[in-house]
Amino acid sequence: MASSDCIPMEDLVVLSLFAPADPTRSGAHVPQTLGLAVDFSGPSLIAVRDAFEDHKSDMDISRAGSYLAAIKKVRSALVRRPQDGPGPDRGCRGLSRERLDCLEWCLSAYGVVVARDSAVRLGVARMGASSEKGFGIFARDAIPAGTTIWDAIGVMPGDNRASHSDLSAIRVAAGQNQSTGAERVLLGPLRMLNHRCRSFNAVFVYEEGTSAFFAQTTASVGAGEEVVVNYGSDWFGETCPCSDCSTAPGASPLLPSAARSAPATMRPAWNALDERRVSLTVRTQEKAADFLENRRLGYENSAGERAEKKRRKRMEGRKRKQASKTGTSKLT
Ligand SMILES: C[S@@+](CC[C@H](N)C(=O)[O-])C[C@H]1O[C@@H](n2cnc3c(N)ncnc32)[C@H](O)[C@@H]1O
């Protein structure tokens with residue numbers, strides 16, 4: 001997958017699903033890491049939002065097959081062909097096959113974090129001492145330490161040729177399926193992870209032989225808390241804006257040597273962080289199906305617990321209703 005196809009499609013999806021209805025409105029929030037190819041006034045933004053809304057109710061992330069079928073329907077709704085007869089022009093008719101594949105991948109990746117029962121969601125974060133707003137990744141429910149957050153996937157395209165703004169730059173690590181040491185841009189919801197020098201609660205982890213990576217929690221993350229990683233000491237340099245640095249003036253960012261004293265179990269992840277790893281040649285649907293399946297396995301218990309909680313609540317409600325009915329009939 002080429003960066004020139006991925007970057008504009010990803011920005012289109014992010015803006016369609018997460019930005020306010022009118023992103024040109026002054027003060028409206030837009031992602032900080034937008035590429036340069038987004039046309040705010042184009043019809044596609046609204047088309048993607050509408051098509052996604054039409055099929056959102058069919059997107060059950062606990063069932064990979066039907067989830068992906070719903071994503072396919074969104075794609076089809078966006079590319080009405082001349083032979084489909086009259087119908088609304090959704091604005092994506094002219095897109096190349098490559099761009100449509102990227103669009104579909106982005107919809108399937110971001111659709112997961114839109115779902116109400118995903119482990120994380122995208123939200124607006126205020127960062128550091130400045131009141132600057134950006135996107136961030138937040139836990140919906142508490143996430144224990146050592147959990148891989150499958151819901152927020154990140155991938156790298158096969159090149160880094162397209163011009164982009166301040167997108168995350170990631171270096172391929174040994175063992176991944178792209179040329180070692182190459183620099184790539186990061187795509188997918190994981191690119192919305194923000195940085196903290198010391199009080200981070202997650203690290204990046206990569207999948208060997210792929211271009212994929214995820215976050216793994218190093219500490220428990222409370223419900224509603226932001227998931228944050230340490231980008232490495234050279235990302236912001238001397239003028240780190242993160243809340244750790246701005247609330248403790250003069251404090252220096254975490255050094256790589258400090259990172260190496262992390263618990264042994266976390267070392268592989270730290271080494272990967274040092275190398276600025278990652279990549280999974282975007283195997284679109286199969287990969288998405290895989291990661292959804294992993295997600296299902298990883299979160300089966302918590303989903304089961306949530307369902308059980310709901311069931312108990314319903315039962316309690318019924319009992320209360322019954323009790324109040326009995327109470328009423330006794331009085332009359
Ligand atoms: C990988 S993106 C994170 C998502 C980003 N917040 C957004 O809305 O697109 C990295 C960029 O986010 C911003 N950022 C991340 N952590 C930050 C922090 N602690 N304080 C200020 N800006 C931060 C910087 O602009 C950085 O280049």
Side-chain angles (χ1 to χ4, degrees), residues 3 6-20 23 27-38 40 106 109-110 113-114 120-139 149 151-157 160 162-171 183-206 211-216 221 225-249 251-254 272-273 276-279:
S3 52
C6 298
I7 294 171
M9 291 302 99
E10 190 190 30
D11 287 344
L12 173 68
V13 168
V14 172
L15 284 177
S16 305
L17 305 191
F18 303 101
H29 173 69
V30 292
Q32 295 177 311
T33 51
L34 271 184
L36 304 172
V38 176
F40 288 110
C106 290
Y110 281 97
V113 295
V114 170
V120 288
R121 65 176 179 83
L122 243 59
V124 176
R126 279 184 189 279
M127 282 161 307
S130 69
S131 56
E132 200 182 359
K133 286 191 290 180
F135 271 111
I137 301 260
F138 295 84
I149 304 176
D151 299 48
I153 192 174
V155 293
M156 301 202 304
N160 203 11
S163 49
H164 53 83
S165 58
D166 194 13
L167 287 163
S168 342
I170 297 261
R171 221 170 268 287
E183 195 177 78
R184 299 279 185 260
V185 289
L186 175 60
L187 306 163
L190 200 66
R191 95 172 211 218
M192 301 301 177
L193 274 184
N194 287 314
H195 161 91
R196 252 189 250 149
C197 281
R198 287 177 297 278
S199 58
F200 56 91
N201 49 25
V203 289
F204 286 118
V205 287
Y206 69 94
S211 311
F213 58 107
F214 302 92
Q216 192 172 70
V221 184
E225 263 180 47
E226 189 175 356
V227 180
V228 274
V229 294
N230 183 324
Y231 290 172
S233 53
D234 54 347
W235 182 274
F236 289 111
E238 306 262 291
T239 52
C240 178
C242 86
S243 51
D244 289 344
C245 294
S246 46
T247 53
S252 60
L254 188 75
L273 184 73
R276 285 280 177 81
R277 86 239 71 162
V278 185
S279 173

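Remember, it's 1-based here, ligands and their atoms both numbered in the order they're listed. Treat the numbers as computed from the prediction; the structure is a model and nothing was measured. All heavy atoms count here, side chains included; hydrogens, waters and symmetry mates do not.
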Heavy-atom contacts with [X] under 4.0 Å: which atoms of ligand 1 show up? List them by number with element.
X      : answer
Arg191 : 1 (C), 2 (S), 3 (C), 4 (C)
Leu193 : 1 (C), 3 (C)
Cys242 : 19 (N)

With a 3.5 Å distance limit and no angle check, can you tell me whether [X] reaches the backbone of [Y] through a side-chain donor-acceptor pair?
X      : Y      : value
Asn194 : Val228 : no
Ser3   : Ala162 : yes
Asn230 : Val203 : no

So for ligand 1, is Phe135 a polar contact partner (N or O within less than 3.5 Å, distance only)? yes

Nearest non-hydrogen atom to atom 21 (C) of ligand 1 belongs to which of Pro241, Cys240, Ala125, Gly136?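 Result: the heavy atom closest to atom 21 (C) of ligand 1 is in Pro241.
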
Could you work out, for atom 4 (C) of ligand 1, the closest of Val185, Ile137, Asn194 by heavy-atom distance? Asn194

Can you name the closest pair of heavy atoms from Leu193 and Tyr231 and give their distance?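 Of all heavy-atom pairs spanning Leu193 and Tyr231, the closest is O-OH, 2.6 Å.
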
Looking only at heavy atoms, what is the nearest atom pair of Asp244 and Arg198, with distance?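 Residues Asp244 and Arg198, closest heavy atoms: OD2-N, 2.5 Å.
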
